[in-house]
Amino acid sequence: MSNKVPEVGKAAVCVNRGLNYHIECKEDYPVPKPGRGELLLRLNVTGLCMSDVHFMKGDWGVGMQPGVDCAGHEGAGVVVALGDGVDSEKWKIGDRAGLKPLYDTCGECDLCRGGKETHCDKAPFTGAFAQGSYCQYVLSPARYTSRIPEGVPDEIAGPIMCSGATTYAALKASGARAGQWVVIPGGGGGVGHMAVQYAAAMGMRVIAIDTGDNKKQMCKALGAEAFVDFATSENVRDEIIKITGGGAHAVIVTGGTGKAYEGAHALLRKAGTMVCVGLPTRGTAFAGGDPFDLCFSNIKIVGSLVGGMDDVDEALRFAARGLIKPKITTYSFKELPDAVKLLTESKIAGRAVVYFDK
Amino acid sequence: MAQSIPKTQKAAVFTKSGGPVSIETVPVVQQKDLKRGEVLVKVIYSGVCHTDLHAMLGDWPVDNKLPLIGGHEGAGYIVAIADNTDTHLKIGDAVGIKWLADSCLKCNFCIKGQESVCKSAENSGFSVDGSFQQYAVSFARHVTPIPDGLPLDQAAPILCAGVTVYKALKQADLTPGDTVVIPGAGGGLGHLAVQYANAMGYRVIAIDTGNEKEQLCKSLGAESFIDFKKTKDIVKDVQALTGGLGPHAAVVAASGAAAYELALEYVRSYGALVAVGLPPDAKISADVFFTVFQNKRIVGSYVGNRTDAIEALDFAARGKVKTFYRIEPLDALPDIYHRMHTGQVTGRIVLDLGNQ
């Protein structure tokens, strides 16, 4: 495949951003030229994430900024051009690269220096403050572009950029050790099933909460030791307490609704940690509870936001070793708007991946 | 479950440093003579650890009690509890006797979980009589509950070998996905370390020699194997397997200094050499400049606390870790020591005490 850079390319642009947005697939979107320190990537795939919808709708209180036409932050592809000043020892045309939720960081603040770069005040979010991965030809700062290693095909690398790295970082943040119990509410979902796999690969004992035989089979095949069906269970909490002998050491809440967070911390044993990953519409969810309960049970509630460079690298390495196999449904470029609609209706099992060239 | 406790039993005893150790008939401490806090454990199986040999030879820089009944990998059942002992334990509970027989649980060390270095610590088969007897006195607050379903002969080696390497891996402070090198990976401690490391999500490079050990290590989860007899440069080989950087840690249970020094060389910057072995006369030579410049850690790891023991057994109970061992009768102990001393023992030996 030639790496010649065309003048125009494909892009699924957000039109009428706000609650009534829609997506239009264009094939004549101008291809940008990489500026100083930038790489131009040609993405082969983009994953779809609910965050994309939130940015397009603007219902997190922050939406897509002027000049940003495309949402998306799970891109995988190749470098096709280098801007001035990019070290050609580090990046070459043809190198595999990915676009992730964090577009860049300042690298100089306390947060960047203290291992908390995803919280850098100056960090632009891909798909909101910088052109996202629904655009086939997209720029990325060379210093903050993630490499994709051998052994991880694009359709796996894309989803790992967000859901993989995010859940991996969250599991690290939970402090759970190998042999300890981790509960993943929504374990059969797009982000949830990634959490199940990373937790299992990290040696933790995983309980997935979701519903239906299909999701039960999938979660168990991916490493969950137990599955609790919230639709048929008499009492989910009781079942969790029983399986874990007193409660989980960690709960990773990946669901994007208020319901996902309700009572999640009550699944923990004393000194357990709940990690918040799912980002429901602003004002619709509450994480935590009566301080009395939190104090008496020494509960930690931790907010975790995407993954930094290292987290993405490490998450990709697990995949390169064959330990992570996202359940993927693939779509063609023209199907992207419909796929996003299915996503908003919770009709996609696992992760959706759009191929630009299909 | 009332158990009738016999008045005498068989035990492996020695009265002076250097031995000999002999199997004798000795009295069994009766319930009424147990001091508050003590329990009497009917030992069914006991692993034999190289430390027991050191205790018998008296070649350590610390002194053991004499006469001494050795052993600290005991697995059995509670048959008596001293009067006025505050405990959840009941007669019939399956428990393990580990090296750390007791600690005060009140000092700063104990409170922080550093029980093994408590100044009032007692050690089974060293400062107090251990598990090479059929009825051993141990301490209610420290005996380790053995999970249902884990056979006692499989539990026994976990009580020292398993706990020790498990805790050493925790001390390496690794993240799942990190690489750890286990020298002597086919040996008694090594083959357990490979399994724990694997279960903890780490990537294992095993170092040992011979086809048999290579097959064993790989079947237990080692990603790669280096044969130290065939390699010309271990450091180079290890670095080649880790992208030129070296592993994040090495857990070394060797009996000579060389393995420790090599590990210090091949671990990556910020990496850890976790030293587990207890050779009486070995020094690790560390170049100060490079140890500092590369921010390397030399970490001594000494057995484990009560929680470590419980967690280590849990991995075994769930089938994530399985000891390779051979069962021999108590009577064989003198010969076992001789074989250990002359390097003829592979894997772990577990003494059968319950079926004498």
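Chain identifiers are assigned alphabetically (A, B, ...) following the order of the sequence lines, protein sequences preceding nucleic acid strands; residue numbering begins at 1 within each chain.
To the nearest 0.5 Å, atoms CD (Gln180(A)) and CD (Glu311(B)) are separated by 6.5 Å. Rounding to the nearest 0.5 angstrom, the gap separating the CG atom in Asp311(A) from the OG1 atom in Thr175(B) is 10.0 Å. Here CE of Met200(B) is found 11.0 Å from CE of Met204(A). Values are rounded to the nearest 0.5 Å. Note that the CZ atom of Arg177(A) and the NZ atom of Lys170(B) stand 4.0 Å from one another [nearest 0.5 Å].
Tyr168(A) touches chain B through its side chain: at least one heavy atom from C-beta onward sits under 4.5 Å away, while N, CA, C and O do not.
No more than 12 heavy atoms of other residues, nucleotides or ligands shown are found within 6.0 angstrom of NZ on Lys116(A). Within a 6.0 Å radius of NZ in Lys322(B), other residues, nucleotides and ligands contribute 12 heavy atoms or fewer. No more than 12 heavy atoms of other residues, nucleotides or ligands sit less than 6.0 Å from atom NZ of Lys216(A). Under a cut-off of 6.0 angstrom, the local environment of CG in Asp87(A) is crowded, with over 12 non-hydrogen atoms contributed by other residues, nucleotides or ligands. Counted within 6.0 Å of NZ on Lys320(B), heavy atoms from surrounding residues, nucleotides or ligands total 12 or fewer; the atom is thus considered open.
Residues Pro176(B) and Phe318(A) meet the side-chain proximity criterion, which asks for heavy atoms closer than 4.5 Å.
Contact count against chain B (heavy-atom pairs under 4.5 Å) is highest for Arg205(A) among Arg205(A), Met202(A), Arg317(A), Lys172(A).
Annotation for Ala199(B) and Ala178(A): closest pair O-CB, 3.7 Å, computed over non-hydrogen atoms.
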